[in-house]
Trainee: 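My questions will all concern the structure given below.
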Amino acid sequence: MLQGHLLSVIAYTPLVGALLLLFVNKAHKNFIRWFANVIAAIGFLVSLPLLKNFDVNADGMQFVERHAWIPSIGVEYHFGIDGISLLLILMTTGLGFLAILSSWSPIEERVKEYYIFMLLLQTGMLGVFMAMDFFLFYVFWEVMLVPMYFLIGVWGGPRKLYAAIKFFLYTLLGSVLMLLGILALYFYNYKVTGVLTFSLPELQKLALPWEYQFWLFLAFFFGFAIKVPMFPFHTWLPDAHVEAPTAGSVILA
C-alpha cells in the first residue's frame with residue numbers, strides 16, 4: 001500500500017510541513033528551525049526506500065501512481081520514475097535537507113516565511129521529476145518559480161530585487177514557450193486520435209510531421225535552455241547566484 005503511494009509521500013512531505021508552519025507563531029524562531037529541519041530530514045528518509053525497491057532490470061516506469069484528476073480535459077494525476085528520476089529525487093531530498101540545515105544561523109529575519117518557501121520549493125522540484133502528465137508537470141514547474149523569486153528577492157544580497165525580477169522574467173518566458181509546446185502536442189493529439197490527454201506515455205506514441213517536430217523542439221529547447229541555463233540565455237544566473245542566500249544558491253546550482 002505504502003509503496004503504491006511512495007512518490008506522493010515523498011513529494012508532499014515538505015508541502016505538509018510548509019502548511020503546518022503557517023499555524024506557528026513567527027516569534028518561535030528556534031521551534032520553526034527545528035521543525036523545518038525535521039521535516040526535511042523526514043523527506044530524505046522517506047525517499048531512501050526507492051533505492052531498496054527500485055528494480056534495475058525492469059523496463060518502463062516504476063512506482064506508478066495514476067488517477068483521474070480533471071477528466072473533462074484529459075488531465076491525470078500520474079506519477080512514475082525511471083533510473084534517472086530516481087537519482088535526481090535522492091539528490092533533491094539530500095541537498096534540500098542540507099540547504100535547510102545550512103540556513104540555521106544565516107537566516108534571522110522572516111524565519112517562518114523563509115522555511116515555508118524552502119519547503120514549497122522542495123515539493124516543486126520533486127514533482128517535476130515524478131510527473132508523467134504534462135499538465136501536472138507544468139504545475140510543479142511553475143511552483144518552483146514563485147518560492148525561488150521570494151528567496152532571492154527577500155533574503156538576497158544588495159541587488160536582490162534586480163536579480164529576483166531578472167530571474168522571474170527570464171524563467172517566465174521559458175515557461176510560456178514550453179506551455180505553447182505542450183498545448184501544441186495536446187491539440188495535435190486530439191486532432192489525430194480524438195482523445196484529450198496530457199499523458200506523456202500517450203503523447204510519445206504520436207507520429208509527428210517534420211514541421212511539428214521542428215517547432216516543438218524549438219519551444220521545449222528554449223524553455224529548458226533558459227531554465228538550465230545555456231548560453232546565451234544564462235545572464236540571469238550570475239546575478240541570482242550572487243544575490244541569493246547560500247541555500248538558494250545551492251538549489252539553483
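A quick note: this is a predicted structure, and the numbers were derived from the prediction, not measured. Count residues from 1 along the sequence.
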Trainee: Would one find more than 12 heavy atoms of other residues, nucleotides or ligands at under 6.0 Å from atom CD1 of Ile84?
Mentor: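 Not more than 12 within 6.0 Å, no.
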Trainee: If I compare all heavy atoms of Ile182 with all of Tyr138, which pair ends up nearest, and what's the gap?
Mentor: CD1-CD1, 4.0 Å
Trainee: Check whether the ring centres of Phe150 and Phe117 lie less than 6.0 Å apart, and answer yes or no.
Mentor: yes
Trainee: Which is it for Met148 and Ile251 under the side chain to side chain contact (heavy atoms under 4.5 Å, CB included) test, yes or no, and what are the steps along the way?
Mentor: CA-CA 9 Å; Met148 184 56 76; Ile251 297 301; 3.9 Å; yes
Trainee: Would Leu19 and Leu119 count as a side chain to side chain contact (heavy atoms under 4.5 Å, CB included) here? Give the steps.
Mentor: CA-CA 9 Å; Leu19 293 175; Leu119 291 171; over 6 Å; no
Trainee: Pick from Leu50, Ile10, Leu6: which one makes a side-chain contact (heavy atoms from CB on, under 4.5 Å) with Ile81?
Mentor: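 Among Leu50, Ile10, Leu6, the one that satisfies the side-chain contact (heavy atoms from CB on, under 4.5 Å) with Ile81 is Leu50.
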Trainee: Is it the case that atom CD in Glu108 sees more than 12 heavy atoms from other parts of the structure closer than 6.0 Å?
Mentor: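 Atom CD in Glu108 is crowded, with more than 12 foreign heavy atoms closer than 6.0 Å.
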Trainee: Whether the Tyr190 and Thr197 side chains hold a donor-acceptor pair (N or O, under 3.5 Å, no angle test) is what I'd like checked.
Mentor: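 Result is no, nothing qualifies.
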Trainee: For the pair Ser249 (side chain) and Pro245 (backbone), establish whether a donor and an acceptor sit closer than 3.5 Å, ignoring hydrogens and angles.
Mentor: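 No; zero donor-acceptor contacts below 3.5 Å.
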Trainee: Within the 4.5 Å heavy-atom criterion, are Val111 and Lys26 side-chain neighbours or not?
Mentor: no
Trainee: What about Ile89 and Val56, same hydrophobic cluster or not, with Ile/Leu/Val/Met/Phe/Trp/Tyr joined at side-chain heavy-atom distances under 4.5 Å?
Mentor: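 Result: yes, single cluster for both.
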Trainee: Minimum heavy-atom separation for Glu243 and Pro158, please, with both atom names.
Mentor: OE1-N, 3.2 Å
Trainee: Look at the side chain of Lys112 and the backbone N and O of Leu22, then say whether any donor-acceptor pair between them is shorter than 3.5 Å.
Mentor: yes
Trainee: Testing His67, Arg66, Glu202, Met132 one by one against Glu76 for a side-chain contact (heavy atoms from CB on, under 4.5 Å), which residue passes?
Mentor: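 When side-chain contact (heavy atoms from CB on, under 4.5 Å) is applied between Glu76 and each of His67, Arg66, Glu202, Met132, only Arg66 qualifies.
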Trainee: State, to 0.1 Å, how close Ile152 and Ala163 come at their nearest heavy-atom pair, and which atoms those are.
Mentor: CG2-CB, 4.0 Å
Trainee: Counting only N and O atoms by type, is there a donor-acceptor contact under 3.5 Å from the side chain of Asn189 to the main-chain atoms of Leu185?
Mentor: no
Trainee: Can you check side chain to side chain contact (heavy atoms under 4.5 Å, CB included) on Val24 and Leu21, steps first, answer last?
Mentor: CA-CA 5 Å; Val24 178; Leu21 276 180; 4.2 Å; yes
Trainee: Compute the ring centroids of Trp34 and Trp104, then answer whether they are less than 6.0 Å apart.
Mentor: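 Yes, close enough.
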Trainee: Please check if the distance between the ring centroids of Phe233 and Phe222 is under 6.0 Å.
Mentor: yes
Trainee: For the pair Trp155 (side chain) and Glu109 (backbone), establish whether a donor and an acceptor sit closer than 3.5 Å, ignoring hydrogens and angles.
Mentor: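 Flag set: sc Trp155 to bb Glu109 pair under 3.5 Å.
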Trainee: Verify, without hydrogens or angle tests, whether Thr123 (side chain) and Ala11 (backbone) share a donor-acceptor contact under 3.5 angstrom.
Mentor: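 Side chain of Thr123 to backbone of Ala11, a donor-acceptor pair under 3.5 Å: yes, one is there.
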Trainee: If only atom types and distance count, is the side chain of Thr93 paired as donor or acceptor with the main-chain N or O of Ser47 below 3.5 Å?
Mentor: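 Between the backbone of Ser47 and the side chain of Thr93 there is no qualifying donor-acceptor contact (under 3.5 Å).
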Trainee: For Tyr77 and Ser8, run side chain to side chain donor-acceptor pair (under 3.5 Å): C-alpha distance rounded to whole Å, both residues' side-chain angles, the deciding distance at 0.1 Å, then the answer.
Mentor: CA-CA 10 Å; Tyr77 180 85; Ser8 289; 2.6 Å; yes
Trainee: So which atom in Asp239 and which in Thr235 form the shortest heavy-atom distance, rounded to 0.1 Å?
Mentor: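 Taking Asp239 first and Thr235 second, the nearest heavy atoms are OD2-O, 3.4 Å.
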Trainee: Would you check if Met230 and Phe221 make a side-chain contact, meaning some heavy-atom pair closer than 4.5 Å?
Mentor: yes
Trainee: If the condition is ring-ring contact (aromatic ring centres under 6.0 Å, His included), which residues does Phe231 pass it with, not counting sequence neighbours?
Mentor: His234
Trainee: With ring centroids as reference points, do Phe134 and Phe198 lie under 6.0 angstrom apart?
Mentor: no
Trainee: Are Leu216 and Tyr186 connected in a single hydrophobic cluster, I mean Ile/Leu/Val/Met/Phe/Trp/Tyr linked by side-chain heavy atoms less than 4.5 Å apart?
Mentor: yes
Trainee: Quick check: closest heavy atoms across Pro229 and Trp236, and the distance to 0.1 Å?
Mentor: CB-NE1, 3.6 Å
Trainee: Around atom CG of Asn30, are there more than 12 heavy atoms from other residues, nucleotides or ligands closer than 6.0 Å?
Mentor: yes
Trainee: Just so I know, are the side chains of Gln62 and Asp55 near enough to count as touching, which here means a heavy-atom distance under 4.5 Å?
Mentor: yes
Trainee: Check step by step if side chain to side chain contact (heavy atoms under 4.5 Å, CB included) holds for Ser103 and Tyr115.
Mentor: CA-CA 9 Å; Ser103 305; Tyr115 284 109; 3.8 Å; yes
Trainee: Look only at the side chain of Asn25 and the backbone of His28, and say whether a donor-acceptor pair between them is shorter than 3.5 Å.
Mentor: no
Trainee: Ignoring hydrogens, what is the shortest heavy-atom contact between Thr92 and Gln122? Give both atom names and the distance.
Mentor: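 Looking at all heavy atoms of both residues, the shortest contact is O-NE2, 3.2 Å.
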